[in-house]
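Here's the structure, in structure tokens; my notes come after.
Values below: all heavy atoms of this structure, side chains included; hydrogens, waters and symmetry mates excluded.
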Amino acid sequence: MERQEISRIAHRDHPVAAPLSDEAVRELLERLLRGRADGRLLDLGCGEAPWPVRALAAHPELRAVGVDNDPDALRRALRTAERLGVARRIGLHHRDVREFTAAEPFDAVLCVGAAYAFGGIGPALEAIGPLLAPGGAVLLGETYWEREPSDPARELFGDEVLDLAGTVAAVRTAGWLPVAGHTSTRAELDAYEWAWTGALTDWALDRPPGPEREQALRTADTHRAQWLDGYRDCFGFVTLVLRRAS
């Protein structure tokens, strides 16, 4: 199986592909769309588009666009949008997020766990800037170190992960200011990891013996060990609502 297929299976039992509860997702969307619920929403790296689909279901005047390089995820996003009756208000683009352009700006932009595709927080916000209408807001979700990581954890995630203060400093250096935020709780972080490894294991156990079953079980075991033995005690996730500083 390819990485995208493994990721899809692993995320099937979690509300979004990030360590956030249903309630946190709802509250963050409400804050992002305050005064913008009749405008245009963009999700860069949307995957199966759980964020914009939820937003559209809650706000009947909202329109949305999702961009992702996984065509299977986009097809599933469309099916979900059709089931919820919001398909006419969402456009889905199979494209590298770095190449996306639009003739009309957006009132709100989501970039949750996708800044790495641009090369980090600064480049991501630089790319988002021209896509955002005056007075618009960005929802940025990023990993960070809660404390000094172990060597295995740092090797796994790389040197680009900062601590929380460094993450906020990178946002400010790029010319943006946080107007709201959510720091994922230990319960949210653990629930995400249990869902990721559990969904993949559950899927594998329902399959007959074979290469895909063994790959899924091996991937789940490796991920669980990396989490429990490597980064659980030092890993965090923050989701920030941002506006331009000037």
Task: All ring pair (Phe, Tyr, Trp, His ring centres under 6.0 Å) counterparts of Trp145, not counting sequence neighbours - done: Phe157
Without placing hydrogens or testing angles, list every side-chain donor-acceptor pair under 3.5 Å for residues 235-246, not counting sequence neighbours.
from	atom 1	to	atom 2	distance (Å)
Arg244	NH2	Gly129	O	2.2

Task: Listed partners of Gln226 passing side-chain contact (heavy atoms from CB on, under 4.5 Å), at least two apart - done: Leu156, Thr222, Tyr231
TODO: Please collect all ring-ring contact (aromatic ring centres under 6.0 Å, His included) contacts where either partner lies in residues 46-73, sequence neighbours excluded, each pair once.
DONE: none
Open item on the list: Set out, in order, the CA-CA distance, both residues' side-chain angles and the distance that settles salt bridge (Lys or Arg N to Asp or Glu O under 4.0 Å) for Glu82 and Arg79, then state yes or no.
Closed with: CA-CA 5 Å; Glu82 289 171 341; Arg79 288 198 293 269; over 6 Å; no
Task: Residue list, side-chain contact (heavy atoms from CB on, under 4.5 Å) with Ala169, at least two apart or on another chain - done: none
TODO: Over all heavy atoms of both residues, which pair between Leu62 and Leu56 is shortest? Give the atoms and the distance, please.
DONE: O-CD2, 3.2 Å
Open item on the list: Under the rule for side-chain contact (heavy atoms from CB on, under 4.5 Å), what residues qualify as partners of Thr201, not counting sequence neighbours?
Closed with: Leu205, Leu217, Ala220, Arg224
TODO: Fit a plane to each ring of His11 and Trp196, take the angle between them on a 0 to 90° scale, and name the class: parallel (under 30°), tilted (30 to 60°) or perpendicular (over 60°).
DONE: perpendicular
Task: Non-neighbouring partners of Asp22 that pass side-chain contact (heavy atoms from CB on, under 4.5 Å), sequence neighbours left out - done: Pro15, Arg54
- [ ] Taking salt bridge (Lys or Arg N to Asp or Glu O under 4.0 Å) as the test, write out the residues that go with Arg63, two or more places apart.
- [x] none
TODO: Using the test salt bridge (Lys or Arg N to Asp or Glu O under 4.0 Å), find all partners of Glu148 that sit at least two apart in sequence or belong to another chain.
DONE: Arg154
Open item on the list: Restricting to ring pair (Phe, Tyr, Trp, His ring centres under 6.0 Å), what partner residues turn up for His93, sequence neighbours left out?
Closed with: Phe100
TODO: Tell me, yes or no, whether the heavy-atom count around Arg98 atom CZ, taken from other residues, nucleotides or ligands under 6.0 Å, exceeds 12.
DONE: no
Task: For Arg232, all residues meeting salt bridge (Lys or Arg N to Asp or Glu O under 4.0 Å), sequence neighbours excluded - done: Asp190
Open item on the list: Using the salt bridge (Lys or Arg N to Asp or Glu O under 4.0 Å) criterion, which residues pair with Arg40? Sequence neighbours excluded.
Closed with: Glu104
